[in-house]
Chemist: 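Just passing along the structure, written as C-alpha cells.
Everything quoted here is computed from the prediction, not taken from an experiment. Labels below follow one simple rule: chain letters A, B, ... track the order of the sequence lines, proteins then strands, and each chain is numbered from 1.
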Protein chains: 2
Amino acid sequence: MADVRVLLVDDHPVVRAGLRAMLTEFEGISIAAEAADGKAALKELSRLSVLGEGVDVVLMDLQMGAGMDGVAATAAIRKLAAPPPVLILTTYDTDSDILSAVEAGASGYMLKDAPPEQIRQAVFAAAAGETVLAPRAAALLMNRITNPGTSLTPREVQLLELLATGLSNRAIAKQVFISEATVKTHLVHIYGKLGVDNRTAAIAAATRRRIIRPPGQAG
Amino acid sequence: MADVRVLLVDDHPVVRAGLRAMLTEFEGISIAAEAADGKAALKELSRLSVLGEGVDVVLMDLQMGAGMDGVAATAAIRKLAAPPPVLILTTYDTDSDILSAVEAGASGYMLKDAPPEQIRQAVFAAAAGETVLAPRAAALLMNRITNPGTSLTPREVQLLELLATGLSNRAIAKQVFISEATVKTHLVHIYGKLGVDNRTAAIAAATRRRIIRPPGQAG
DNA sequence: CCCAAGGTCAACCTTTTGATTGACCCTCCG
DNA sequence: CGGAGGGTCAATCAAAAGGTTGACCTTGGG
C-alpha cells in the first residue's frame with residue numbers, strides 16, 4: 001500500500017521541521033507538502049491536485065499568527081470537491097478551540113505534546129476516514145450533548161466583546177442603545193454562564209475559551 | 001574550528017525534534033543535549049561539564065508547562081561558574097516576557113517563527129558572546145532608555161498581569177503579600193501611564209501594546 | 001395556542017473600585 | 001549628603017459595578 005501523504009500546515013518553521021522529522025521516520029507516511037498558513041495550504045492542495053498527487057491527511061495547527069487561521073482554513077478545505085480529512089494538531093485544548101475546529105469540519109483533534117506513537121496512529125486513522133479525538137476533546141463533545149444549556153447567546157457575546165474593550169456599563173449601554181440596567185442584566189447572565197463574578201474575570205474566561213478575541217486585537 | 005555545541009531546552013518533543021533537525025543541518029552546529037525543563041537543563045549542564053564536554057549556547061524556551069520555567073532556569077544558569085550564553089527562543093514577544101528574560105541574564109531573544117537562517121545566525125552570534133535581539137525586543141530596550149518616565153515598572157507589570165487574570169484588588173494583594181491600599185496605589189499609577197481610567201481598559205491597552213499577554217494565555 | 005427563552009427595563013441595596021492626600025522607607029546616583 | 005524614584009500603607013469620599021427581584025414584550029416551536 002502506498003504511503004499516507006500528509007500536508008503540514010503550521011506557521012512555525014521549527015514545528016514543521018519537527019513534524020517532518022518525526023513523521024518521515026515512520027513507515028508508511030510521507031510529507032506531500034508544507035504551508036505556513038491557511039491560504040498557502042489551499043494553494044498547495046490545488047497545486048498538488050493538478051499534478052495528480054493527492055493528499056491523504058492535512059495536519060493543521062489552529063493558532064497561526066498571520067494569514068488565514070486554522071479554523072477558517074479547515075472550513076475552506078471542507079468546501080473543496082474531494083476534501084482530504086483535516087486532523088487538528090495544536091497546543092491548546094480549550095473548549096472553543098475544540099468546538100470551533102469540530103464545527104469547521106475537522107475529523108480529528110490532537111495535542112502537540114502527544115507521544116509520537118499516538119500522533120502516528122492518529123494520522124493513519126484520519127487517513128482511513130476515522131475520527132480521532134484527544135481525551136479532553138472527546139469529553140467536551142460528550143458533555144455538550146448531555147447538558148447543552150450553558151452557551152452564551154449572540155447578544156451576550158456582543159456585550160462581552162464591548163466589555164473587553166474597556167467600556168463601562170454606561171458606555172456599553174449607549175453603544176448598543178439599551179439601558180444601563182439591561183447591560184447589568186446581561187452581565188449577570190454572562191458571569192453565571194462563565195462561572196465568574198466580575199468583568200475582568202469574564203474577559204479572562206471568555207478569552208481563554210476563545211469566545212472573544214483578546215482585547216485590543218484587530219477584528 | 002569545532003562545532004558550536006547547543007543545549008536544547010523545550011518541553012515540547014515536537015519542537016525539540018524540529019530544532020534538532022534544523023540545527024544539525026547547518027555546518028558548524030551540533031546538539032550537545034536536550035532537556036524538557038529548567039531542572040533537567042541544569043542537570044545536563046553539570047553532567048556535560050564533568051565529562052569535559054562544554055556547552056557553547058543554551059537554546060531556551062520561556063513557557064514550559066511543568067518544572068522550572070525558562071526565566072528561573074536562565075537565572076540559575078547565570079549563577080554557574082562558567083555560564084554559557086542563554087539564547088531565548090520562544091513564541092511570545094510581550095514586554096513582560098522580554099524584560100524578565102533580559103533581567104534574568106539572557107544574552108538573546110528570538111521568536112520561534114523566525115526563519116531558520118535567522119535562528120542559525122543567532123546561535124553563532126550568541127556562541128561568540130554577542131547579544132542578539134528580535135526587532136521588537138531591540139525596540140523595547142531602546143525605548144526604555146530614550147524615555148524611561150512613561151514606562152511601567154516591573155512591579156506595575158506584575159500587577160497588571162494579575163489584573164488580567166480577573167483577580168480583585170484584594171485577591172491581588174494576597175497574591176503578592178501587600179495591602180489592598182498598595183494595590184490601589186499601583187493601579188492608579190498604571191491607569192495614568194496607560195491613559196485609561198478603569199481596569200478593563202487597562203487590560204485592553206496593555207494587551208494591545210503587548211505589555212502583557214492576552215488574558216488566559218499559557219505562561 | 002401557549003409557553004419557554006431571549007431581550008428589555010426599574011428599584012434597591014451591598015460591595016468593589018477609583019481618586020485624592022499624605023506619609024514612611026528604601027536604594028541608587030549625582 | 002541629599003534628592004529622585006520606587007514601593008509601601010492609611011483614611012476618606014465618590015462612583016461604578018455587582019446581586020436580587022420582579023415585570024413586560026416578542027418570537028419560535030411543541
Chemist: So, for B:L167 and A:T200, which heavy atoms are closest and what is the spacing to 0.1 Å?
Modeler: O-OG1, 4.4 Å

Chemist: Answer yes when A:D69 and A:K39 have at least one side-chain N-carboxylate O distance shorter than 4.0 Å, and no when they do not.
Modeler: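 No, no charged N to carboxylate O under 4.0 Å.
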
Chemist: Please determine if B:R16 and B:D61 form a salt bridge, counting it only when a charged side-chain N lies under 4.0 Å from a carboxylate O.
Modeler: no

Chemist: Using modelled atom types and a 3.5 Å cut-off, is there a donor and acceptor pairing between side-chain atoms of B:N198 and backbone atoms of A:G166?
Modeler: yes

Chemist: Ignoring hydrogens and geometry beyond distance, is a side-chain donor-acceptor pair present between B:T182 and B:T185 at under 3.5 Å?
Modeler: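 No, no side-chain donor-acceptor contact under 3.5 Å.
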
Chemist: Is it the case that over 12 heavy atoms from other parts of the model lie below 6.0 angstrom from the CZ atom of B:R47?
Modeler: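 Counting neighbours around CZ of B:R47, more than 12 heavy atoms of other residues, nucleotides or ligands fall under 6.0 Å, so yes.
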
Chemist: Do B:E156 side-chain atoms and B:T153 backbone N/O form a donor-acceptor pair below 3.5 Å?
Modeler: yes

Chemist: Quick one, give me the B/S/- string for nucleotides 23-30 of chain D, reading 5' to 3', where B means a protein heavy atom under 4.0 Å from the base and S means that only happens at the primed atoms, P, OP1 or OP2.
Modeler: --------

Chemist: Going 5' to 3' through nucleotides 6-26 of chain C, assign each nucleotide B (protein heavy atom under 4.0 Å from a base atom), S (under 4.0 Å only from sugar-phosphate atoms) or - (no protein heavy atom that close).
Modeler: SSBBB-----SBBSB------

Chemist: Using five base pairs at each end to define the local axes, how bent is the helix from C:dC1-D:dG30 to C:dG30-D:dC1, to the nearest 10°?
Modeler: 40°

Chemist: Specify the closest pair of heavy atoms between A:Q63 and A:D11, including all atoms of both residues, with the distance to one decimal.
Modeler: O-OD1, 3.7 Å

Chemist: Given B:D95, which partner from the list B:R209, B:R136, B:R213 fulfils the salt bridge (Lys or Arg N to Asp or Glu O under 4.0 Å) test?
Modeler: B:R136

Chemist: Rounded to the nearest 0.5 Å, how far apart are CD of A:Q118 and CG of A:D113?
Modeler: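 Answer for the CD-CG pair, A:Q118 versus A:D113, is 9.5 Å.
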
